[in-house]
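Reckoned from all heavy atoms, side chains included, excluding hydrogens, waters and symmetry mates. All figures in this text were calculated on a predicted structure; none of them were measured in a lab. Residue numbering restarts at 1 for every chain, and letters A, B, ... go by the order of the sequence lines.
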Number of protein chains: 2
Amino acid sequence: MNIGEVSRKAELPAKTIRYYEDIGLISPLRDTNGYRSFRDSDVHKLVFLGRARALGFTIEDCRNLLALWDDQDRASADVRAIAKEHLAQIESKISDLQAIRDTLSHLVRECAGDGRPDCPILQKLEEFPT
Amino acid sequence: MNIGEVSRKAELPAKTIRYYEDIGLISPLRDTNGYRSFRDSDVHKLVFLGRARALGFTIEDCRNLLALWDDQDRASADVRAIAKEHLAQIESKISDLQAIRDTLSHLVRECAGDGRPDCPILQKLEEFPT
DNA sequence: CATGGGGGTTCCAGTTAATGGAAGGTCAAT
DNA sequence: ATTGACCTTCCATTAACTGGAACCCCCATG
């Protein structure tokens, strides 16, 4: 599979995919003409990378998460521990997002549409969870 | 309030806070000695910025979201529309995170600890939601 | 009162994670 | 055989910080 098709499937620019190869996140094969030749597993990784990056995981986080999947010997407690750490991080991201969603949807429901200057969201904002 | 205290409260490096001022996301006052003097509202914005950035919102997203809050005349349908758009984006981030969490917790539950080479997560990965 | 340490300031350079563009090779169809 | 879409590398630029140098401010202690 060439880079264009992969780019469409993974919804990542070709530039970014080449960059991910440069930094060793993926290692597509090469055809005789020099074109990159992607396997399904490369595409899966790229889909994952696209999502994880969009959610604020760093490249190094992603490298670790991919290593969990690549690990041929994933029986160790280490791997489990790393995965659990990441799970905790993900749970916390989810609740942060929920907090932002709640605040924003409150803003939409209560404050848009009537122009009153003492919009209750302003009070709410003062308590915005820290 | 000086930058050090704000940095602790918002859990952002002072460097980043100065940078956010440079690019106009916040506009703290200045004391006569030239020190930045932050109001509570600045701190709230910074807390928000820290979270939103960690969740993959761009600086420009953040600028728009902050504008919703700052908007003295937030009665317009425009504001409502922008907020709704962001809400949709947030919902989609939440479900992406949930997908990643489910995959990862499956990995933890099913695959770590026994070293068998035909770990079921590998099959699962092939269906990883695109 | 000076002096040392822990703040704060600006400015400039470097890093990370891409992104844009030039210059050129490849392929499939007309 | 040439056109156009696709691929390649390489080099420069951007976005969002991050580190470091050089310097100013404040206040507690000797």
From [atom1] of [X] over to [atom2] of [N], roughly how many Å is that when rounded to an integer?
{"X": "A:L49", "N": "C:dA17", "atom1": "CG", "atom2": "P", "result": "12 Å"}
{"X": "B:R63", "N": "D:dA15", "atom1": "CZ", "atom2": "C1'", "result": "12 Å"}
{"X": "B:I3", "N": "D:dT18", "atom1": "CD1", "atom2": "P", "result": "13 Å"}
{"X": "A:E60", "N": "D:dC17", "atom1": "CD", "atom2": "C1'", "result": "16 Å"}
{"X": "B:Y35", "N": "D:dC24", "atom1": "OH", "atom2": "C1'", "result": "7 Å"}
{"X": "A:R53", "N": "D:dA15", "atom1": "CZ", "atom2": "P", "result": "16 Å"}
{"X": "A:I59", "N": "C:dT19", "atom1": "CD1", "atom2": "P", "result": "10 Å"}

NZ/NE/NH1/NH2 to OD/OE distance under 4.0 Å, B:E60 and B:R63: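 Salt bridge: yes.
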Note: A:D42-A:K45 ion pair, threshold 4.0 Å (strictly below): no
Are any of [X]'s side-chain N or O atoms less than 4.0 Å away from OP1 or OP2 of [N]?
{"X": "A:R36", "N": "D:dT9", "result": "yes"}
{"X": "B:N33", "N": "D:dC26", "result": "yes"}
{"X": "B:R8", "N": "C:dG7", "result": "no"}

Distance (rounded to the nearest 0.5 Å) between B:L55 CG and A:L97 CG: 4.0 Å
Residue B:N2, side-chain atoms from C-beta onward, closest of C:dG8, C:dA18, C:dT26: C:dG8
Selected nucleotide, minimal atom distance to B:R30 side chain, candidates D:dA16, C:dT9, C:dA18: C:dT9
ILVMFWY cluster, A:L66 and A:I90 together (side-chain gap under 4.5 Å): yes
Contact residues, residues 12-25 of chain A to DNA chain C [heavy atom, < 4.0 Å]: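 Per residue number, the list reads A:P13, A:K15, A:T16, A:Y19, A:Y20.
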side-chain contact (heavy atoms from CB on, under 4.5 Å) partner of A:I17, the single match among A:I26, A:L49, A:L25: A:I26
Under 3.5 Å: donor-acceptor pair, side chain of A:R39, backbone of A:V43: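 Answer holds: no.
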Other residues, nucleotides, ligands: >12 heavy atoms within 6.0 Å of B:E85 CD: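 At most 12 heavy atoms, drawn from other residues, nucleotides or ligands, come within 6.0 Å of this atom.
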Position toward the 5' end of DNA chain D (nearest nucleotide), B:T58 or B:T32: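 Closer to the 5' end of DNA chain D: B:T58.
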